[in-house]
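Each ligand, and each atom within it, is numbered from 1 in the order the structure gives.
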Amino acid sequence: MLSKYNVITLFPNLIEEWLATGIISKAYKNNLYEISITNLRDYGLGEYKQVDDAPYGGGPGMVLMAEPLDNAITSNKSDINVFLTPSGNQLDESLISELHTHQSANLICGRYEGFDQRIIDLHSDYQISIGKTVVSGGEIPALFTLEALIRKIPGALGNSESLLTESFTDGKYDHPVYTRPEKYKELSVPSVLLSGNHQKIIDWKKNNLKDI
Ligand SMILES: C[S@@+](CC[C@H](N)C(=O)[O-])C[C@H]1O[C@@H](n2cnc3c(N)ncnc32)[C@H](O)[C@@H]1O
């Protein structure tokens with residue numbers, strides 16, 4: 001099970017905030033996983049701790065230099081190095097299961113125009129995209145990936161049954177769910193859910209799983 005993580009980022013505070021919330025914080029306090037944060041700036045070059053430079057061949061923006069990343073990665077040895085990048089493999093349940101066959105991972109967050117390709121060529125075991133759109137940095141994609149990984153660790157969810165019934169299990173989306181009140185703005189909860197008939201409720205839930 002993948003339960004030892006190191007996030008390499010220029011924005012450690014984004015990761016720290018997330019670590020303090022919800023099931024992620026609870027699972028951490030229960031020692032279900034280990035996590036460290038590596039500030040890429042600590043591996044920056046020269047007096048100004050430089051981590052980026054202009055792209056060869058011209059063009060907009062800056063590129064994360066290979067050397068600071070190389071030093072950050074080699075100083076934090078893990079079983080796998082995972083680069084977050086829009087051109088990576090789309091994250092899905094089978095990729096999450098595959099990642100869980102390893103024990104420890106570096107999750108490497110890009111910024112600006114992305115990574116000098118040579119750092120990917122040197123160190124990449126996985127390149128992961130969280131969707132066909134671009135965000136400004138790899139932190140949210142890394143947190144997205146981490147959260148998907150951590151909630152699969154036994155004991156992380158309050159109710160482990162949730163894992164068995166949620167979307168993407170059995171190739172379907174989850175069924176709709178309702179809570180009180182029974183009627184809200186003329187919209188009623190399906191009567192079968194109020195019937196107390198256990199078998200009918202199970203059948204309704206099964207029949208209302210949506211196709212992917
Ligand atoms: C502004 S993006 C770089 C975009 C790059 N120039 C391109 O067009 O592919 C900066 C960083 O955000 C992260 N990022 C942005 N979108 C992502 C996505 N869909 N999946 C994973 N990482 C993403 C990557 O780490 C990337 O290096």
Sidechain-backbone polar pair: N6 side chain, N106 backbone, donor-acceptor under 3.5 Å:
no
Look at ligand 1 and say whether I108 reaches it with a heavy atom at a distance under 4.0 Å.
no
I'd like to know if the side chain of D79 and the backbone of S104 have a donor-acceptor N/O pair within less than 3.5 Å.
yes
Okay, side chain of Y33, backbone of I24: is any donor-acceptor separation there less than 3.5 Å?
yes
Near G114, which atoms of ligand 1 are under 4.0 Å from a heavy atom of that residue?
27 (O)
Any side-chain donor near an acceptor of the partner, E147 and W18, under 3.5 Å
yes
Heavy-atom donor-acceptor pair, N39 side chain to R41 backbone, under 3.5 Å:
yes
At under 4.0 Å between heavy atoms, which part of R111 makes contact with ligand 1: side chain, backbone, both or neither?
backbone
Going by the side-chain contact (heavy atoms from CB on, under 4.5 Å) test, name the single residue among L84, V82, I73 that passes it with I108.
I73
In terms of residue, atom name and distance, what is the protein heavy atom nearest to atom 6 (N) of ligand 1?
E113 OE1, 3.2 Å
So, does Y112 sit close enough to ligand 1 that a heavy atom of it is under 4.0 Å from the ligand?
yes
Closer than 4.0 Å to some heavy atom of I128 - which atoms of ligand 1 meet that?
21 (C)
Of the protein's non-hydrogen atoms, which lies at the shortest distance from atom 20 (N) of ligand 1, and what is that distance?
I130 N, 3.1 Å
Checking S124 side chain against D121 main chain: does a donor-acceptor pair fall under 3.5 Å?
no
Side-chain donor-acceptor pair present, E98, Y126, cut-off under 3.5 Å
yes
Heavy atom to atom 13 (C) of ligand 1, shortest distance: which of G137, A142, P60, G59 holds it?
G137
So, does H100 use its side chain to make a donor-acceptor pair with the main chain of L149 at under 3.5 Å?
yes
Check ligand 1 against L84 and write out every atom of the ligand that is under 4.0 Å from a heavy-atom position of the residue.
21 (C), 22 (N), 24 (C), 25 (O)
Considering the heavy atoms of G138, write down every atom of ligand 1 situated less than 4.0 Å from one of them.
12 (O), 13 (C), 25 (O)
The closest protein heavy-atom partner of atom 19 (N) of ligand 1 is T133 O, 2.8 Å
Judged by heavy atoms only, the candidate from L91, V134, T85, V135 nearest atom 4 (C) of ligand 1 is V134
Sub-4.0 Å atoms of ligand 1 with respect to non-hydrogen atoms of P141:
21 (C), 22 (N), 23 (C)
So which heavy atom in the protein is nearest atom 17 (C) of ligand 1, and how far is it from that ligand atom?
P86 CG, 3.7 Å
Given P55, G61, S87, G110, identify the one with the heavy atom nearest to atom 11 (C) of ligand 1.
G110
If only side-chain N and O atoms count, and only distance matters, is there a donor-acceptor pair under 3.5 Å linking T85 with Q127?
no
